[in-house]
Amino acid sequence: MIPNVKTYKLLCEYRFKPILLFYDAKNQMGHALFKDYKHWSHDGLRIILNNFENRSVLAIDHDRIALEFDIPDSYDEFRTRFERAFKEYTKRVEIRDYLRCGLRTQSMIPVEMHFSELVKITEGKFLPHDKEIQQIIGSPVSDYQFNIVSEKEGFKIHVICGPVAREEIERWYQPARLILDPGQEPKPIKYSDVSFFIDCDCYVENPRSDMLEKFLDKAIRLATSTNNAINDYVWR
């Protein structure tokens, strides 16, 4: 039976050339968007809104919009929140020059086995078993990480994956920074003792403005299909 992929992080970010008029409109944006959040912070340059109940953080700045969800309940809620923030931003400030649009997912596939066993049954899928390279790096392999940047359907796709033990998860996955009042408890994050970790970043550099309408839907489809295909590939 193939294990299930569990999404631990969704992060969508649009970066663009700095816009000076942002500073005239930022407080109106923050006020319009605050209904979806419990807390806000302001350092004079940017506004950060966050909600401990669904572990979400929205940052609006003079050169970026970024929404981060930990252990999301659904992609639909994430998509709705980001599109609402983007609409409120562009309603007040025109963005002319986009530098990068990206969607990043961080997922884990929990397994019931020892770390060494997971390494043994998966490393042959991602590392070449060429005798010359084995003589160079040594064998047997006790740990590894697969790291590649490729292109698919007009997107750059950066994938990092490999086995992780609970004690090393914080090296690869950092929960969103939340503001909490006394007595408030965020949704707990539970880790398996051993997991197969997948970090998938789908992005477009210097995108045309007409690409943005379908960007998030396409990026979500690409990221989820990549994660699921890796899971199938590992266990088949």
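None of the values given here were measured: they were computed from a predicted structure. We count residues from 1, following the sequence as given.
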Task: Fellow cluster residues of Val149, listed by chain then number, with links counted only when side-chain atoms sit under 4.5 Å apart - done: Tyr203
Task: Separation of Phe115 CZ from Lys120 NZ (nearest 0.5 Å) - done: 14.5 Å
- [ ] Kindly write out the residues that satisfy salt bridge (Lys or Arg N to Asp or Glu O under 4.0 Å) with Glu185, not counting sequence neighbours, or none if the list is empty.
- [x] none
Task: Val194 with Phe197, same ILVMFWY side-chain cluster at under 4.5 Å - done: no
TODO: Please determine if Asp61 and Arg46 form a salt bridge, counting it only when a charged side-chain N lies under 4.0 Å from a carboxylate O.
DONE: yes
Open item on the list: Taking Glu94 first and then Arg96, would you say they form a salt bridge - that is, a charged N and a carboxylate O separated by under 4.0 Å?
Closed with: yes
TODO: Using a 4.5 Å cut-off on heavy atoms from C-beta on, say whether the side chain of Ile48 contacts that of Leu58.
DONE: no
Open item on the list: Looking at Arg15 and Asp97, is any side-chain nitrogen of the basic one under 4.0 Å from a carboxylate oxygen of the acidic one?
Closed with: no
Task: Residues which pass ring-ring contact (aromatic ring centres under 6.0 Å, His included) with Phe22, listed by chain and number, not counting sequence neighbours - done: Tyr89
Under 3.5 Å, which donor-acceptor pairs do the side chains of residues 155-166 form with other protein atoms, sequence neighbours left out?
from   : atom 1 : to     : atom 2 : distance (Å)
Lys156 : NZ     : Glu151 : OE2    : 3.2
His158 : NE2    : Asn147 : OD1    : 2.8
Arg166 : NE     : Asp193 : OD1    : 3.0
Arg166 : NH1    : Tyr191 : O      : 3.2
Arg166 : NH2    : Tyr191 : O      : 2.8
Arg166 : NH2    : Asp193 : OD1    : 2.9

TODO: Can you see which heavy atom on Leu180 is nearest to which on His39, and at what distance?
DONE: CA-NE2, 4.3 Å
Task: Asp70 versus Ala176, closest heavy-atom pair with distance - done: OD2-N, 2.5 Å
- [ ] Kindly write out the residues that satisfy salt bridge (Lys or Arg N to Asp or Glu O under 4.0 Å) with Asp63, not counting sequence neighbours, or none if the list is empty.
- [x] none
- [ ] List in chain and number order the residues that pass side chain to side chain contact (heavy atoms under 4.5 Å, CB included) with Leu45, two or more places apart in sequence or in another chain; answer none if no residue qualifies.
- [x] Tyr23, Asp43
- [ ] Answer yes or no: is there a side-chain heavy-atom contact under 4.5 Å between Val119 and Tyr144?
- [x] yes
Task: ring-ring contact (aromatic ring centres under 6.0 Å, His included) partners for Phe146, two or more places apart - done: Phe126
Open item on the list: Restricting to salt bridge (Lys or Arg N to Asp or Glu O under 4.0 Å), what partner residues turn up for Lys218, sequence neighbours left out?
Closed with: none
TODO: Find the distance between CD (Glu132) and CD1 (Ile137) and round it off to the nearest 0.5 Å.
DONE: 11.5 Å
Task: Distance-minimising heavy-atom pair for Ala223 and Cys200 - done: CA-SG, 4.2 Å
Task: Heavy-atom closest pair, residues Gly44 and Lys26 - done: O-CE, 3.8 Å
Open item on the list: Side chains of Phe196 and Val234, heavy atoms from C-beta outward: is any pair under 4.5 Å?
Closed with: yes
Open item on the list: Less than 4.0 angstrom from a charged side-chain N to a carboxylate O is my criterion; do Glu88 and Arg84 meet it?
Closed with: no
Open item on the list: Please determine whether a side-chain nitrogen of the Lys or Arg among Lys214 and Asp217 lies less than 4.0 Å from a carboxylate oxygen of the Asp or Glu.
Closed with: no
- [ ] Using the test salt bridge (Lys or Arg N to Asp or Glu O under 4.0 Å), find all partners of Glu153 that sit at least two apart in sequence or belong to another chain.
- [x] Arg221
TODO: Could you check if a side-chain atom of Ile220 sits within less than 4.5 angstrom of a side-chain atom of Leu103, using non-hydrogen atoms only?
DONE: yes
Task: Distance (rounded to the nearest 0.5 Å) between Ile230 CD1 and Ser107 OG - done: 9.0 Å
Open item on the list: Regarding Glu68 and Lys9, does a basic nitrogen lie under 4.0 Å from an acidic carboxylate oxygen?
Closed with: yes
Open item on the list: For Tyr173 and Asp199, which I'm curious about, is there any donor-acceptor pair between the side chains at under 3.5 Å?
Closed with: no
- [ ] Determine whether the side chains of Ser56 and Asn54 contain a donor N or O and an acceptor N or O closer than 3.5 Å.
- [x] yes
TODO: Ignoring hydrogens and angles, tell me if any N or O in the side chain of Ser192 forms a donor-acceptor pair with the backbone of Ser195 under 3.5 Å.
DONE: no
Open item on the list: Contact between Ile109 and Trp235 at the side-chain level, heavy atoms closer than 4.5 Å - yes or no?
Closed with: yes
- [ ] Look up atom CD1 in Ile71 and atom CD1 in Ile189, then write down how far apart they are to the nearest 0.5 Å.
- [x] 5.0 Å
TODO: May I ask you to decide whether Glu83 forms a salt bridge with Lys87, counting only side-chain N to carboxylate O separations under 4.0 Å?
DONE: no
- [ ] Using a strict cut-off of less than 4.0 Å between a Lys/Arg side-chain nitrogen and an Asp/Glu carboxylate oxygen, indicate whether Glu168 and Arg171 qualify as a salt bridge.
- [x] yes
Task: Listed partners of Phe82 passing ring-ring contact (aromatic ring centres under 6.0 Å, His included), at least two apart - done: Tyr14
TODO: For Phe69, enumerate each residue passing the ring-ring contact (aromatic ring centres under 6.0 Å, His included) test, keeping only those at least two apart in sequence or located in another chain.
DONE: Phe78
TODO: Please determine if Asp73 and Lys187 form a salt bridge, counting it only when a charged side-chain N lies under 4.0 Å from a carboxylate O.
DONE: yes
- [ ] Indicate yes or no: at least one non-hydrogen side-chain atom of Glu13 is less than 4.5 angstrom from one of Ile65.
- [x] no
Open item on the list: Both conditions, 6.0 Å and 45 degrees, for the charged tip of Lys125 above the ring of Tyr233: are they met here?
Closed with: yes
Please set out all donor-acceptor pairs under 3.5 angstrom arising from side-chain atoms of residues 27-34, sequence neighbours excluded.
from  : atom 1 : to    : atom 2 : distance (Å)
Asn27 : OD1    : His42 : NE2    : 3.3

- [ ] Ignoring hydrogens and angles, state whether a donor on the side chain of Thr105 or Asn227 is under 3.5 Å from an acceptor on the partner side chain.
- [x] yes
